[in-house]
Structures are given as structure tokens and as C-alpha cells.
Protein chains: 2
Amino acid sequence: MTTCKADTALEILIGKWKHKILFQLMTHEVLRFNELKRAIPGITQKMLTSQLRELEQNDIIERNVYPQIPPKVEYSMTEYGQSLRPILEAMHEWGQNHIKHLEQAYSKAQE
Amino acid sequence: MTTCKADTALEILIGKWKHKILFQLMTHEVLRFNELKRAIPGITQKMLTSQLRELEQNDIIERNVYPQIPPKVEYSMTEYGQSLRPILEAMHEWGQNHIKHLEQAYSKAQE
DNA sequence: CGGCATCCATGACGATACTG
DNA sequence: CAGTATCGTCATGGATGCCG
């Protein structure tokens, strides 16, 4: 416990977009490339592609290519990827609470 | 739940060092500047200082200055900061498991 | 549709030196 | 002891254009 292995988890979640991608895939089961792109405002194709590749390499998500024209590629979480769910949800919850916390701190500063 | 507030939590944890600092403070209650520096190999003074400042601004840690020569500054987690503990621990645990997962994937690749 | 290749800006991070 | 201050770097992320 003296050494910190949270690095490993953070390495996978870090990046401006990865957790957002995972959130979409946690709530949608299966999504196509452009569905993800639409669901995540501001992300560029390049970023979406690279982040998906990294998540795929880490066995967090699965990439399914349908060899047809026009191409169709579906992304979904792997069973292993599901193990991240509690962490993501905990962070999500904590984040929401933190916003309240900030508001409280702000109103106290106004007194 | 459609929007992802995990951002907020990640913003606080992101950075190469913040989670390591928090881990030390989670396991040690109170630490002085140089104690932290020694406990986290590779970190520079500049990084330690800046990361501590950011955590302090987010009300995660507390900074206690003893006005004396030589100076003495102690850092500890705030009560609010303790709310991050479950997340850090979950990530730590997940990280350890992930290492095993990688080893399994590797040995399978060898078959 | 779902990419990849290229170029470019920014800022996170680091090395080093100095200070009350 | 616990910091600033300054400067340099390199990776991350972003904009754009082309392709099967």
C-alpha cells in the first residue's frame, strides 16, 4: 500500500476525452464512430480515433468492423472494461458533489 | 446522467503527481514539505509546490505554516479531501488488478 | 463513413539557480 | 527548510486536408 498503483488506472482514464468516451459506452452499450462523435461535443476525429485506439489496446473497449460500403464500425465496452464502471461512477458522483461544494465555498466567501 | 461530471474529479486528480501526493497524505496524516518530496521519487520542488497549491485551492489539502526559522510547513488532507479516498483506493485496487490482467493477456499471447 | 497524414500551438513538466 | 524565478523541452491536443 506504500506504493501507489492508482497510476495505472489514471493512465487509462487520463486524456481530455477518454472518460467521456467511456461514459457514453457505459450508457449506450454499442455506438458507431459518428454516434460517439456527435455525443461528445468538441471532440475531433483525430482525438476520437486515437483515444479509441488506446482504449482498445488496453482491452477496455472493443472495435467491431463491418466490411461493407459505406463502412460501419461499432464500439462497445469489453467485459473487462466494465470493471472500470464503479470508478467512473464514483468520480461522476464526486464531481457533482464537488460543484455544490464550490458553490458553498463561494457563498461563504461572500459573507 | 447523460452529461459526464467525472471531468471535475479528473481535473483534480490529473497531473503526473497529484494522486501520488494524495496517496502519501492519505497514509500519513501529516507531512512536511521535504517529507513529501522524499516520499515521492522524481518530483521536483517546483512540481511539488505547484501541485500542492492547486490541491489547496481545491480544498483537498490544508497547508499549515509555522512561522519560525527554519520554516516548517505541514500538509494534511482536509475533511473534504477525505471524500476522495474511496476513489483513490478504487483506482489503486483496479490498477493492481490491471497489472495481473496484462500479465494474463501476455501469457495468452505466448501460447 | 470512418478513418489517416501533416503541420502547428500550447502548456505541462523539468533542470537549474537563487532566496528569506 | 521551503520555497521563487527563469528558461528550455516535449507531448498533447487541435486544424485541416485527403482517402478507400
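In what follows, chains carry the letters A, B, and so on, assigned in the order in which the sequence lines appear, proteins first and then strands, with residues in each chain numbered from 1. What's counted below: heavy atoms across the whole structure, side chains too, no hydrogens, waters or symmetry copies.
Taking atom CD1 on A:I43 and atom C1' on D:dT16, their separation rounds to 17 Å, with Å as the unit. We find that CD1 of B:I69 is positioned 12 Å from P of D:dA2, with the value rounded to whole Å. For the pair B:K37 NZ and C:dG14 P, the computed distance is 12 Å after rounding to whole Å. Between the CZ atom of B:R32 and the C1' atom of D:dA2 there is a distance of 9 Å, rounded to whole Å. Rounded to an integer number of Å, the gap from CD1 of B:I14 to P of D:dA11 is 18 Å. To the nearest angstrom, P of C:dA12 lies 17 Å from CG of B:L48. Rounded to whole Å, atom P of D:dA2 lies 15 Å from atom CD of B:E56. Put simply, CE on B:M47 is 13 Å from C1' on D:dT9, counting in whole angstrom units.
B:R38 has no side-chain polar atom (N or O) that falls below the 4.0 Å cut-off from OP1 or OP2 of D:dA2.
Across all strands shown, A:Y75 has heavy atoms under 4.0 Å from sugar-phosphate atoms exclusively, and none from any base.
Note on the helix from C:dC1-D:dG20 to C:dG20-D:dC1: terminal axis deviation equals 50°, with five pairs used at each end and the result rounded to 10°.
Of the listed nucleotides (C:dG2, D:dA2, D:dT4), D:dA2 has the atom at the smallest distance from the side chain of B:N34. Of the candidate nucleotides C:dC1, D:dG13, C:dA17, D:dG13 has the atom nearest to the side chain of A:Q51. Taking every side-chain heavy atom of B:K16 into account, C:dC13 is the closest of C:dC13, D:dG13, C:dG3. Counting only heavy atoms from C-beta on, B:K46 has its side chain closest to C:dC13 among C:dC13, D:dG3, C:dG2. For B:P70, whose side chain is taken as the heavy atoms from C-beta onward, the closest listed nucleotide among D:dC1, D:dG3, C:dG3 is D:dC1.
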Show me the donor-acceptor pairs within less than 3.5 Å that the side chains of residues 62-69 of chain B make with the rest of the protein, sequence neighbours left out.
from  : atom 1 : to    : atom 2 : distance (Å)
B:R63 : NE     : B:Y75 : OH     : 3.2
B:Y66 : OH     : B:E74 : OE1    : 3.0

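Contact of the B:L102 side chain with the B:H98 side chain is registered, since non-hydrogen atoms from C-beta on lie closer than 4.5 Å. The shortest side-chain heavy-atom distance between B:N97 and A:Y80 falls under the 4.5 Å cut-off.
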